[in-house]
Every structure is written in C-alpha cells, then in structure tokens.
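The structure under discussion appears below in the form of structure tokens.
All values below were derived from every heavy atom in this structure, side-chain atoms included, with hydrogens, water molecules and symmetry-related copies excluded.
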Amino acid sequence: MNDEMLARIAAALERLSPPTPEPADPLAHPAYVWSGATLRAARDFAPVPIDLLAGIDAQKTVLVENLRRLAAGLPAHDALLWGARGTGKSALVKAAVVRVQADGGGIALIEAESDALDSLPALFALLAGAERAFALFIDDLGFEGGGAGESGSPRRLRSLLEGGAEARPGNVRLLVTANRRHIVPRDIAEQESAIAARDVMDDKLALADRFGLSLGFHVVDQPTYVAIVAGYAKAHGLLFDPQDAIAWATARGSRSGRVAWQYVVELAGRRGKRL
C-alpha cells in the first residue's frame, strides 16, 4: 500500500470521525453551551431584561445577590429554582447573570443538558483554573427512577454538588430549574412498601438538600399576569386590551410569564410588528 493510498484512507477516516473542536476561551464570552465533550460560545445570547420579569421580585433579589458574591470570589450557594411551569425560572437565571455582568461582575453562564451530568468533571477541570466565575445552568431537571445505576442519576448530581471526590470547583456554582420542589418524584406507596420508609424519603430528599438556595415560583394571579403583559407590551411599543390578554390566558388554562410573552408575540403578529 503506497503513501497516497494511506493518505486517502486517513482523510476518509477523519471525515467519518472529525476531531473534537477546540473549546471556546472561557474568558472571552458572556455565555457558553457545554455539549458533554466541548465548550462553545452561545450564539445570540440576549435574555429578557430582568426588569421585565414581574411578580418574582424576591427571587430576583436573592439570586442576583448570590451571583454577585460568586463573581466577587465570595462564598455563594448552588441554587434550585422550582415551581410551576412558565413562571420565569429559566428566564431569571439568564437575566440575573446578565445583570451581574452589566454591573461589572466577572461571571459567565454555561448551559448544560441534564443528560450531560457524567461529563461535568471534565468541564470542572477546564474551568477550575480560570480567573472568572461560572454559573452552570441545568434547565428543567427531573429524574424518573433515580436508581444508582441510572446515567445522570440523582446520586451522581449529589456527589458533584457536595461530598464527592470530583465536586465542582470554587468558581463554579450550579443553577438548576425543576418543576418539582425535591426534583426526584415521590410515591405514596413508598411509605407502605419500604422496610424503613424514612430512609427512602431521606434518600429522595437528599438531592434538594444539597442546594443552599431553594427559590419557589408559583402561578401568578390575574393582576400580576396583566402587569407582566403590560411590561412586555410597553417595552415593544404595543398597546393592548387587558380583557383580550385575559381571554388569551383563559383559553390556555394558565396564567404565567410564558403565556404573557406568547400573547405579546401574538399581538405583535396581528399588528405586523417585529419583536
């Protein structure tokens, strides 16, 4: 086999399995995405301004202050944001990071999928020596079985948060959103079937207990929903009828910040206006 044939084979193999791209510079961008194998800069990172997130003022204050401490190299907590869908949990995480950045804080957001938990030690090794703080964002986390052998299991995350040999470095804190307060589902039958029911319950609650901050988000009342719509509409130069906004929410069976934004998108579309 001559050199030309070997080169052609090597080129074909490289096309089939391209080399892992170089990770993005962790000091150069406001936000990143962790794929499980490499760090890349997030495209078009432009969260909703934090002042437009209405009805969650207490949660905003606490989370922003925690991130300011992290950015300043002070003790800061891992945070769990839990509660009803569409109530601003994910939006607040991103908006809070941007607020701290705007105030001069040296911090960046890194978003990782919940199925990438097993790869986080590699990410931590990449970030540990960086002269910057990082808010590691895992959105909509949930476990079904939660067994010890399950990939990305609750026990794996517990070890990463606290107590494991590969716990996250001091310049990284986890910000996790979940619909369940305790993340792992609980079944009333476990109280009856377990030999030591308390042990079963403690094991399932142990993950949520690892978070120093636990911020609850709840379905908003009608005046708050209308106020959220009004804030979005004003920011985009749109007039709206509150009764029309209420009818939109009623048709969807939910009042939330997400539904309010969807109504504003609908309103802009009706008016032929770009957002």
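Note on Val33: it does not cluster hydrophobically with Leu117, by side-chain heavy-atom contacts below 4.5 Å among ILVMFWY residues. Trp34 and Phe137 are not part of a single hydrophobic cluster, where members link through side-chain heavy atoms under 4.5 Å apart. Two different hydrophobic clusters hold Leu109 and Leu120 under the rule that ILVMFWY side chains link at heavy-atom gaps under 4.5 Å. Tracing side-chain contacts under 4.5 Å through hydrophobic residues (I, L, V, M, F, W, Y), one reaches Leu52 starting from Val100; they form part of the same cluster. Under the 4.5 Å side-chain heavy-atom criterion for grouping Ile, Leu, Val, Met, Phe, Trp and Tyr, Leu53 is connected to Leu213 within one hydrophobic cluster.
The heavy-atom pair separating Ile56 from Thr87 by the smallest distance is CG2-O, 4.0 Å. The two atoms that bring Leu27 and Ala130 nearest to each other are CD2-CB, 4.2 Å, heavy atoms only. Annotation for Ala79 and Leu63: closest pair CB-CD1, 4.1 Å, computed over non-hydrogen atoms. The minimum heavy-atom distance linking Val226 with Phe240 is given by the pair O-CZ, 4.0 Å. In terms of heavy atoms, Leu239 sits closest to Arg271 at O-NH1, 3.0 Å. The two atoms that bring Ala76 and Arg69 nearest to each other are CB-CB, 4.3 Å, heavy atoms only.
The shortest distance between side-chain heavy atoms of Pro26 and Leu127 falls below 4.5 Å. Residues Trp261 and Val229 form no side-chain contact, since every pair of their non-hydrogen atoms from C-beta on lies 4.5 Å or further apart. Inter-residue side-chain proximity for Arg270 and Asp244 is flagged as met; some heavy-atom pair is nearer than 4.5 Å. Two residues are said to be in side-chain contact when any heavy atoms from C-beta on lie closer than 4.5 Å; Lys89 and Asn179 meet this criterion.
Residues Ser90 and Asp139 have side chains that bring a donor and an acceptor to within less than 3.5 angstrom of each other.
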**Message:** As a quick check of understanding, evaluate side chain to side chain contact (heavy atoms under 4.5 Å, CB included) for Leu238 and Tyr232, giving each step before the final call.
**Reply:** CA-CA 8 Å; Leu238 294 166; Tyr232 284 144; over 6 Å; no
**Trace of the salt bridge (Lys or Arg N to Asp or Glu O under 4.0 Å) decision for Arg85 with Asp140** = CA-CA 9 Å; Arg85 66 189 189 280; Asp140 197 22; over 6 Å; no
**Request:** Using the side chain to side chain contact (heavy atoms under 4.5 Å, CB included) rule, take Phe211 and Leu81 through it: C-alpha gap first, then chi angles, then the decisive distance, then the call.
**Result:** CA-CA 10 Å; Phe211 293 90; Leu81 291 74; over 6 Å; no
**Message:** Set out, in order, the CA-CA distance, both residues' side-chain angles and the distance that settles side chain to side chain contact (heavy atoms under 4.5 Å, CB included) for Thr177 and Val93, then state yes or no.
**Reply:** CA-CA 9 Å; Thr177 68; Val93 168; 4.3 Å; yes
**Request:** Step by step, work out the side chain to side chain contact (heavy atoms under 4.5 Å, CB included) result for Ile138 and Leu174.
**Result:** CA-CA 7 Å; Ile138 302 176; Leu174 271 69; 4.2 Å; yes
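The CG atom of Leu39 lies 8.0 Å from the CZ atom of Phe134; values are rounded to the nearest 0.5 Å. Between the OG atom of Ser256 and the CD1 atom of Ile228 there is a distance of 7.5 Å, given to the nearest 0.5 Å. To the nearest 0.5 Å, the span separating CZ on Arg252 from CH2 on Trp248 amounts to 3.5 Å. How far CG of Leu67 is from CD1 of Ile107: 4.5 Å, rounded to the nearest 0.5 Å. Ile110 CD1 to Leu123 CG: the interatomic distance, rounded to the nearest 0.5 Å, is 5.0 Å. Between the CZ atom of Phe124 and the CG atom of Leu136 there is a distance of 5.5 Å, given to the nearest 0.5 Å.
In this structure a side-chain-to-backbone donor-acceptor pair under 3.5 Å is missing from Thr224 to Val220. When atom types are taken as modelled, the side chain of Tyr32 and the backbone of Ala112 share no donor-acceptor pair closer than 3.5 angstrom. In terms of modelled atom types and a separation under 3.5 Å, the side chain of Gln101 and the main chain of Gly106 share no donor-acceptor contact. The closest donor-acceptor contact from the side chain of Lys94 to the backbone of Val48 lies at 3.5 Å or more, if one exists at all. Checked by atom type and distance alone, the side chain of Arg68 never pairs as donor or acceptor with a backbone atom of Gly105 at under 3.5 Å. Under a 3.5 Å cut-off, the side chain of Gln59 and the backbone N or O of Gly216 do form a donor-acceptor pair. Checking side-chain atoms of Asn66 against main-chain N and O of His77 turns up a donor-acceptor pair under 3.5 Å.
Enclosure of atom CD in Gln262 by more than 12 non-hydrogen atoms of other residues, nucleotides or ligands within 6.0 angstrom is indicated.
Between Phe217 and Trp82, the distance from one ring center to the other does not fall under 6.0 angstrom.
Arg255 has no carboxylate O lying under 4.0 Å from a charged side-chain N of Asp221, or vice versa, which leaves the two without a salt bridge. Between Lys60 and Asp51 there is no salt bridge, since no side-chain N of the basic residue sits under 4.0 Å from a carboxylate O of the acidic one.
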